[in-house]
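Just below is one structure, and these are the notes that go with it.
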Amino acid sequence: MTGQNIGALVIIGLFMLIPLAMGAIAGKKSLPTTEDFFVQGRGMGSIAVFFTVAATWWSAFAFMGSNALFYARGPLYWTAIAWNILFGVLYFVVGKRVWFFGKTNNYITPKDFFKHQYGSEALGNIVAIIMLLFTLPYLQIQLTGGAYLIEVASGGLINFKLAALMFYVVIIIYVWSGGLRAVAWTDIFYGVLLFFGMIYGGIYIANLLGGPVEMFEQLRVIKPENLALQPNAWMAWLAMFIITPVGAFMGPQLWTRMYAVKSPKLFNLMPFLLGFAAIAYIGSMLVGNSAVILEPTIEQADKVLPVILYKYAPFVLASLIIACGAAAAMSTANSQIHAMSAVYTVDIHKAYINKNLSERKLVWVGRWTILILSAIAYVMALYVPGLLVTIGLVALAGTAQVMIPTLGAFFWRRSTVAGATAGLLVGIGLLVLFTFVPTTVPGVFAFGGGGLLSLICNLIVFVVVSSFTKPRPKALMDELDRQYEDFDSKRY
Amino acid sequence: MSKHKMTTKTKIIWILLLIGFAAMEFPGVFFFQDMVDPFIFGFPFIYGYILCWWAYMAVILLYAYRTDWGHAVK
């Protein structure tokens, strides 16, 4: 290991220690209750909400996966500009309603929402299981992404297994300490870092080739097919536009960030803020395309960013930008582990294993759950291969299925428990089939649209079964109508 | 279910947003798939085209916020 490798690791290490200190301070402000540990007592301020949503939403998938896709498949990832805006619009339309009903009925987890809105414990359990199963591979790609960065920064001396383990330990320490408050505080730090790191990294690398215009002119000669969408890319373009924002939005970590909001006015501004932040993708677009000229033979496309930076940028600058990448992975992983812990602790442990645990002991169950779930993700990072974006899209297509019964609860009186359950089971069943036996994906959907097809089938089954089964009880609908009158009258 | 009626201004905001989403997602993949020229803002066509619509959407979303999504009342 050279002096530069040691310097790089010290810089990345320092960036990981700052959040640890923030977590410790936040821990001192925390109360030993599940509501404080999991949704910060529903009192999170607007700045914290924006940064924790943005940093949770922008992950290793965005920071490293985007570079890899621009490098390997040209403009395909550019559909992210539109999906970021769609994510913001979803936060306004669905998020505000989830927040209102969560506040009115004291929901803490997604299961609470479905159990109440549909009057069905079983449907709530299905949602909880989907959340746990499909958030794990998304957590896995954060550990994998973070490990790639440390591995390259150390010049290969710290191997992938050890790098992933280091990443895992740091996350555990500070999620353990302070609950959602610690996660949100560190996300403000990470969010700022992430935004500027992405843009500056791209501009710096493109300028090595004479600036963006000159770089693209060189690319036109060297690899012109990287400048336009490749044949049959349209299905993946459309599928990613739908699946990525819907799947990320339905992840348990985003439900937490809907419940925890203090002021409903923030929901009106979030579409603009999240849509505007999408401009940071110009950075990864420039890095991915520049890399085609600078290093056309990188075998693992996910390593494009660290490889290019350490080869062509001063090592201090490279390390700072790589620390931003670690921040992207870290800020999503901490939120996912925290939210999955809430799902297990409240929905499964408290409901079925020990109903009489004190609030303080439940928080401890939550902490041990954090340890175990992230250990599973660590093992998956070691043994489940694939590009970050590929694994991420399967995970997102799983949680995206939950959007159908969520919209049904808000906008369609005829939504039934049977319809929601049948739709979810068909959607998840098809997704699993398409993932493990890709040859079964029919027609045009075979070009990256398996997840989208499973979501469409979920919707069709939901509508058809709901139309022919017993509607939700009148007493429940009357109660929800009264709450909706309150929602309308306050013009949130 | 909500019984609230959308104002005309709210409907216009939603129509403008839907136009933006459709313009970003469909023409780029069905009509301009092979286009590299003309470069827009120094980027190949597909990048510049989407950036133009991104700016359009940012303006609409800022207007939506400023008018409380069409519900602001003087």
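None of these values were measured; they are calculated from a predicted model. Chain A is the first sequence line, chain B the second, and so forth, proteins listed ahead of strands; every chain is numbered from 1.
Within 6.0 Å of CZ on Phe276(A) lie no more than 12 heavy atoms contributed by other residues, nucleotides or ligands.
Atom CE in Met57(B) sits 8.5 Å away from atom CG in Leu86(A) (nearest 0.5 Å). The distance from atom CG of Asn268(A) to atom CG of Leu61(B), rounded to the nearest 0.5 Å, is 11.5 Å.
Heavy atoms closer than 4.5 Å to chain B are found in the side chain of Leu286(A), but not in its backbone. Heavy atoms of Ile282(A) lying under 4.5 Å from chain B belong exclusively to its side chain. Neither the backbone nor the side chain of Met215(A) comes within contact range of chain B, judged by heavy atoms closer than 4.5 Å.
Taking the six-membered ring where the residue is Trp, Tyr47(B) and Trp78(A) present perpendicular rings, their angle passing 60° and hence far from 30°.
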Item to complete: Verify side-chain contact (heavy atoms from CB on, under 4.5 Å) between Trp14(B) and Val89(A), making sure each step is shown before the conclusion.
Response: CA-CA 10 Å; Trp14(B) 278 108; Val89(A) 170; 3.6 Å; yes
Item to complete: Take Trp53(B) and Ile81(A), measure what side-chain contact (heavy atoms from CB on, under 4.5 Å) needs, and give me the verdict at the end.
Response: CA-CA 9 Å; Trp53(B) 283 103; Ile81(A) 298 289; over 6 Å; no
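Taking both residues in full, the closest heavy atoms of Ala58(B) and Phe272(A) are given as O-CD1, 3.4 Å, listed atom of the first, atom of the second, then distance.
Side chains of Leu51(B) and Ile279(A) form a contact here, defined as non-hydrogen atoms less than 4.5 Å apart.
In this structure, the side chain of Trp54(B) does not engage the main chain of Ala278(A) through any donor-acceptor pair within 3.5 Å.
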